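Every chain is numbered from 1 and lettered A, B, ... according to where its sequence line falls, protein lines coming before strand lines. Quantities reported herein were computed from a predicted structural model and do not represent experimental measurements.
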Amino acid sequence: MCAILQPHRSSKFGRGRERHRAVAGTRRGAVRRRDPPVDEAFLGSRRGAARSIRLRARLGARPRRAVSVGAMTSIVLFTNDLRLADNPALAAAIAAGPVVPLAVDDPREHGAWPLGSAARAWRALSLASLARSLEERGAWLAYRAGDAAEHAAAIARETDARAVHAAAAIEPDRAAWQRRLREALAREGVALVAHAPNLLHEPEALLTQAGRPHTVFTPFFRALVSRVAFAAPLPAPARIAVPAKRPASMPLPEPAGAPPALLDAFAQGEAGALAAADRFFSELVATYEDLRDVPSVEGTSRLSPHLAHGEISVRELARRAERVARESADPRAVFGAQAFLRQLAWREFAYHLLHHVPHTPSRPLKPEFERFWWERDEHVLRAWRQGLTGYPLVDAGLRELAATGWMHNRVRMVVASLLTKDLMQPWADGAVWFWERLVDADLANNTLGWQWVAGCGADAQPFFRVFNPVTQSRRFDPDGAYVRRWVPELARVPSRWIHAPWVAPPHELEAAGVRLGETYPLPLVDHAVARARAIEAFRALRSSM
DNA sequence: TGCTTCTTGTC
DNA sequence: ACAAGAAGC
Ligand SMILES: Cc1cc2nc3c(=O)[nH]c(=O)nc-3n(C[C@H](O)[C@H](O)[C@H](O)COP(=O)(O)OP(=O)(O)OC[C@H]3O[C@@H](n4cnc5c(N)ncnc54)[C@H](O)[C@@H]3O)c2cc1C
């Protein structure tokens, strides 16, 4: 058993778990509760055999005090949940009375992982969209920069608010920030009320038979599907009452540093997220299984940045996917919806791991990898970042990332494999670059993805599973459309040679206007040699235990 | 949600 | 010569 299995026991979900238990009544394996807090009922709940249990569980998802609109002013602190629909914190505040929506850019929130440039630009655009939606409903967003505790306390004094509602944080730095916020506000007589985060499951409640956190995806997935009833999403509010006094707002941040093609690739904000979901379920779900590994086409939902910024509720997505899986007459749509749910489950798994093992963003889940002798070569790292490795599929992916802030999942795996295995660079260096450039940068998903490819994660692929960047290119981009789009200097190379131009006959390259080493680099490493070297290194690591 | 090499069976 | 499958990394 590896160290990952030493669960981090501090629960952020205490009350929710108890409720969960009260509803379903079957939890064994007491997990001690140290810390607060989802203060309000967690939205997920155990799927009982009896329908009544499920119904009750779903009713439990509603804010408890939603009897009538009250008179108590509250602040809603938006962090990475930039939406109005199915936003439990917002719903609870509206039920209590007038609302001050607040967003603060506070470096303390992010600790070691300050937002990267692409995510910052996305957030700026998303905040602007959120501010407009709030205005349409009669409310105004207060935007501030600096210490969130000071701003929230000042606004509370100004508007006589007694509570700050927010989604419970899972990322360790954000959770620590939220704890300090809770304490600071308590000193002012203001309660921080934490609500269910944007997840389907509750990490403290969905444990293995042995009462431990899950570390293997398939049993986790089975448990998620069979034991958790996804809560019905809350509707978006039609009107939002505001207090008499309007707190000052700074001008919203500018979307500086946005990837150049960001606006062509995505529409930021809740409306854009809903449009992407609509498109997925109406047009893409039936071909999802066939096309989701083909990077040249839009075969996946591209919802990841919307989810990363909380512009759409994962419960809403799961509900729609379940409906298609249950009701569609088209078997391809049924399979597509199931496959999509499985992807959402990977996201759940990533958050499960991050919650239970908060050091995972910087340390391998398999402890033997702490001793691994990664190489550090600034030169190859820079070539990789710039998309100049000489492997066309890899370079295409890294350039898609630079241009749009997003990269297709299949290509993420291949570029990560090349960096960590062929080039033997630390997976964390790759994760930092993704963090800087992805609009969907997500600490849980990014960490899981990198550790999975590098082989040091929970349920990761074994070390000897090394992607061949040429085979992957031939298999998933057979006509080279993806490479041509993102590596224009190879656009005229025939499909037969585009995946590995260095083996092309010279006259073919010349006809395509390619001079290897000048217009496009020769491969940084010989994959066959690099693969053998990496496997040998990992084998040595294993036998030195 | 791999890849490579080696073996066997077919023509 | 090559497809299909097994085994090992
Ligand atoms: C090295 C590496 C790094 C990654 N970094 C991130 C990251 O920072 N942020 C991020 O959101 N995803 C990350 N992923 C996961 C995955 O590549 C993206 O979620 C996916 O490509 C998003 O595209 P989509 O929305 O069209 O996905 P779809 O196929 O439409 O899937 C729907 C949703 O499921 C979730 N999902 C899908 N695949 C995964 C997965 N493998 N792991 C976790 N969740 C998943 C995402 O939220 C996604 O939006 C990473 C993967 C790898 C291999």
Side-chain angles (χ1 to χ4, degrees), chain A residues 214-222 224-225 284 287-297 299-302 304 335-350 353 365-366 368-369 372 391 393-394 397 406-424 427 430-431 434 440 442 444-478 482 499-500 503 523 525-545:
Chain A
H214 281 277
T215 57
V216 185
F217 176 73
T218 302
F220 172 82
F221 180 58
R222 271 200 287 271
L224 180 73
V225 169
L284 302 177
T287 51
Y288 183 67
E289 278 278 75
D290 292 338
L291 297 182
R292 68 195 206 82
D293 269 325
V294 182
S296 62
V297 300
T300 65
S301 70
R302 303 195 183 216
S304 54
F335 288 131
Q338 284 166 347
F340 180 76
L341 272 171
R342 197 180 168 85
Q343 293 313 113
L344 293 182
W346 273 104
R347 177 174 174 276
E348 297 292 311
F349 187 51
L353 290 170
L365 283 172
K366 288 191 180 159
E368 66 266 29
F369 274 83
F372 188 71
Y391 283 99
L393 180 68
V394 172
W406 188 84
M407 194 195 305
H408 190 279
N409 180 58
R410 170 58 49 184
V411 190
R412 292 188 202 202
M413 293 193 284
V414 178
V415 306
S417 180
L418 188 93
L419 186 72
T420 57
K421 300 195 166 170
D422 294 62
L423 303 175
M424 281 180 65
W427 61 270
F434 271 29
D440 66 19
D442 176 304
N445 287 356
N446 195 39
T447 303
L448 175 93
W450 277 97
Q451 292 213 32
W452 185 85
V453 173
C456 60
D459 203 16
Q461 46 179 3
F463 66 83
F464 46 77
R465 199 173 283 173
V466 178
F467 286 91
N468 181 324
V470 176
T471 309
Q472 291 281 313
S473 189
R474 292 208 176 100
R475 189 176 300 157
F476 297 108
D477 188 35
Y482 180 75
H499 311 287
V503 300
V525 288
D526 175 343
H527 173 70
V529 175
R531 170 182 186 273
R533 188 177 75 116
I535 289 179
E536 172 55 24
F538 290 122
R539 197 195 54 72
L541 173 69
R542 190 178 57 172
S543 59
S544 73
M545 287 180 58

Visitor: Can you sort out the partners of A:N446 under side-chain hydrogen bond (donor to acceptor under 3.5 Å, both in side chains), two or more places apart, ordered by chain and number?
Guide: A:W450
Visitor: Is A:R531 near enough to B:dT5 that one of its side-chain N or O atoms lies under 4.0 angstrom from OP1 or OP2?
Guide: no
Visitor: Where along residues 532-542 of chain A does a heavy atom fall under 4.0 Å from DNA chain B?
Guide: none
Visitor: To the nearest angstrom, how far is A:K421 atom NZ from B:dC3 atom P?
Guide: 11 Å
Visitor: Look at the side chain of A:R292 and decide which nucleotide, out of B:dG2, B:dT1, B:dT4, has an atom nearest to it.
Guide: B:dT1
Visitor: Are A:E536 and A:R539 close enough for a salt bridge, meaning some N to O gap below 4.0 Å?
Guide: yes
Visitor: Side chain to side chain contact (heavy atoms under 4.5 Å, CB included) with A:V414: which of A:P469, A:P295, A:S473?
Guide: A:P469
Visitor: Using side-chain hydrogen bond (donor to acceptor under 3.5 Å, both in side chains) as the criterion, point out the one residue from A:D442, A:D440, A:N409, A:N445 that pairs with A:S304.
Guide: A:D440
Visitor: Rounding to an integer number of Å, can you tell me how far A:N468 CG sits from B:dG2 P?
Guide: 12 Å
Visitor: Does atom CZ of A:F476 have more than 12 heavy-atom neighbours, drawn from other residues, nucleotides or ligands, at distances under 6.0 Å?
Guide: yes
Visitor: Looking for any heavy atom pair under 4.0 Å, which part of the strands does A:R342 touch: base, sugar-phosphate only, or nothing?
Guide: nothing
Visitor: Whole-Å distance between B:dT1 P and A:Q472 CD?
Guide: 12 Å
Visitor: In this structure, how many angstroms lie between the C1' atom of B:dT1 and the CZ atom of A:F335, rounded?
Guide: 18 Å
Visitor: At under 4.0 Å, does any side-chain N or O of A:N409 touch on OP1 or OP2 of B:dT1?
Guide: no
Visitor: Check whether any side-chain nitrogen or oxygen of A:R410 sits under 4.0 Å from OP1 or OP2 of B:dG2, and answer yes or no.
Guide: yes
Visitor: What pairs meet the side-chain hydrogen bond (donor to acceptor under 3.5 Å, both in side chains) rule with one or both residues in residues 335-348 of chain A, with sequence neighbours excluded?
Guide: A:H201-A:E348
